[in-house]
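Since the structure comes first, as structure tokens, the remarks are kept for the end.
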Amino acid sequence: MDLAERIFKRSGYVTLDKFGMRFHPTLKVWKMHNGVDKATVGKTKEEKKWKQYALEEGFVVSAGTDSTKAIFAWIEYPSREERILHYHLDKLYVKKGQKVNENTVIGLTGETGNTTGIHLHLGVKKKINGKWVYVDPETINYIPQTIKVNGILDVPTIKELQKRCGTIVDGIISEPSQLISEIQRRLISGEPI
């Protein structure tokens, strides 16, 4: 799954620039582009200011405004050993040290800093040999991490399984169960649960 789709919780955005060397649109020089740019769509500027969400449990490494007046947030996801940059935000709703989860709104897409329009610059760093290194966000499959059960099939675990499988979320496994049928179908087809 595309990182932007996970962050926006919707599709319909447009890729402007990919990861790699490019001629910078405002600085007018060749420069490394350490991320991907995703333009949000809408009829007005306000409609283009989409909410951006955290991927899963993590924490805010840094957040604020940089020297170009761009509003940003770096979110670290320990289970993935990844940090994700939300850049050019219009509004920021998190602060350094704050814990986040998939329901946390990081901010709104904007055009702060050196930009030519409203979009989200997504940067990703992975921990490689103990150092944080930029990687191409489009080379990573952003499927949700596996559920940690700890040997107990309790109500929260059942609800999480139901949510991920797209069935009724009630925390109950009954006969016949949509959840069990969907898990069996996915196991047989080789799809992730």
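Along the sequence shown, residues carry numbers from 1.
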Does the Lys NZ or Arg CZ of K9 fall within the cation-pi geometry relative to W50 - under 6.0 Å from the ring centre and within 45° of the axis?
no
If we only count heavy atoms from C-beta on, is the V14 to V41 side-chain gap below 4.5 Å?
yes
From D90 CG over to E111 CD, what is the distance, rounded to the nearest 0.5 angstrom?
8.0 Å
Can you tell me how far apart CG (L55) and CD1 (I75) are? Round to the nearest 0.5 Å.
9.0 Å
Residue K126 excluded, over 12 heavy atoms near NZ under 6.0 Å
yes
On a heavy-atom basis, the closest approach of Y134 and K125 is CE1-CE, 3.4 Å
Testing the basics here: between K96 and A63, what is the closest heavy-atom pair and its distance to 0.1 Å?
N-CB, 4.4 Å
E138 bridged to K18 by N-O distance under 4.0 Å
yes
Following the transitive rule for hydrophobic clusters with a side-chain heavy-atom cut-off under 4.5 Å over Ile, Leu, Val, Met, Phe, Trp and Tyr, establish whether L122 and I118 coincide in one cluster.
no
Heavy-atom pair of closest approach, residues E47 and K43:
OE1-N, 2.7 Å
Shortest non-hydrogen pair, A54 vs I106, comes out as N-CG1, 3.8 Å
With no hydrogens and no angle check, is any side-chain donor or acceptor of H119 less than 3.5 Å from a backbone partner on G117?
yes
F8 pairs by side chain to side chain contact (heavy atoms under 4.5 Å, CB included) with which of R10, E5, R6?
R10
How about Y53 and V105: do any of their side-chain heavy atoms sit closer than 4.5 Å?
yes
Check V60 against K95 and note the closest heavy-atom contact, atom names and distance.
CB-O, 3.2 Å
Evaluate K99 against E57 for side chain to side chain contact (heavy atoms under 4.5 Å, CB included), listing each step before the verdict.
CA-CA 7 Å; K99 290 183 179 179; E57 289 183 8; over 6 Å; no
Going by the side chain to side chain donor-acceptor pair (under 3.5 Å) test, name the single residue among D66, N34, T115, T112 that passes it with Y87.
D66
Enter the distance from T40:OG1 to Q52:CD here, rounded to the nearest 0.5 Å.
8.5 Å
Should Y77 and V94 be counted in the same cluster of Ile, Leu, Val, Met, Phe, Trp and Tyr side chains packed under 4.5 Å apart?
yes
Is there a chain of hydrophobic side chains (I, L, V, M, F, W, Y, each step under 4.5 Å between heavy atoms) that links V124 to W132?
no
With rounding to the nearest 0.5 angstrom, report the CG to CZ distance, L85 to R83.
11.5 Å
In the single-linkage hydrophobic clustering (I, L, V, M, F, W, Y; side-chain heavy atoms under 4.5 Å), do L108 and L120 co-cluster?
no
Side-chain donor-acceptor contact under 3.5 Å, D37 with Y13
no
Which pair of non-hydrogen atoms, one from G123 and one from W74, has the smallest distance, and what is that distance?
O-CZ3, 4.1 Å
Between S79 and E56, a side-chain donor and acceptor under 3.5 Å:
yes
Any Lys/Arg nitrogen of E82 or K127 sitting under 4.0 Å from an Asp/Glu carboxylate oxygen of the other?
no
Is V100 reachable from Y93 through a run of hydrophobic residues whose side-chain heavy atoms are each under 4.5 Å from the next?
no
Among side-chain atoms of T109 and K48, is any donor-acceptor pair under 3.5 angstrom?
no
Taken to the nearest 0.5 Å, the spacing of K38 NZ from T15 OG1 works out to 2.5 Å
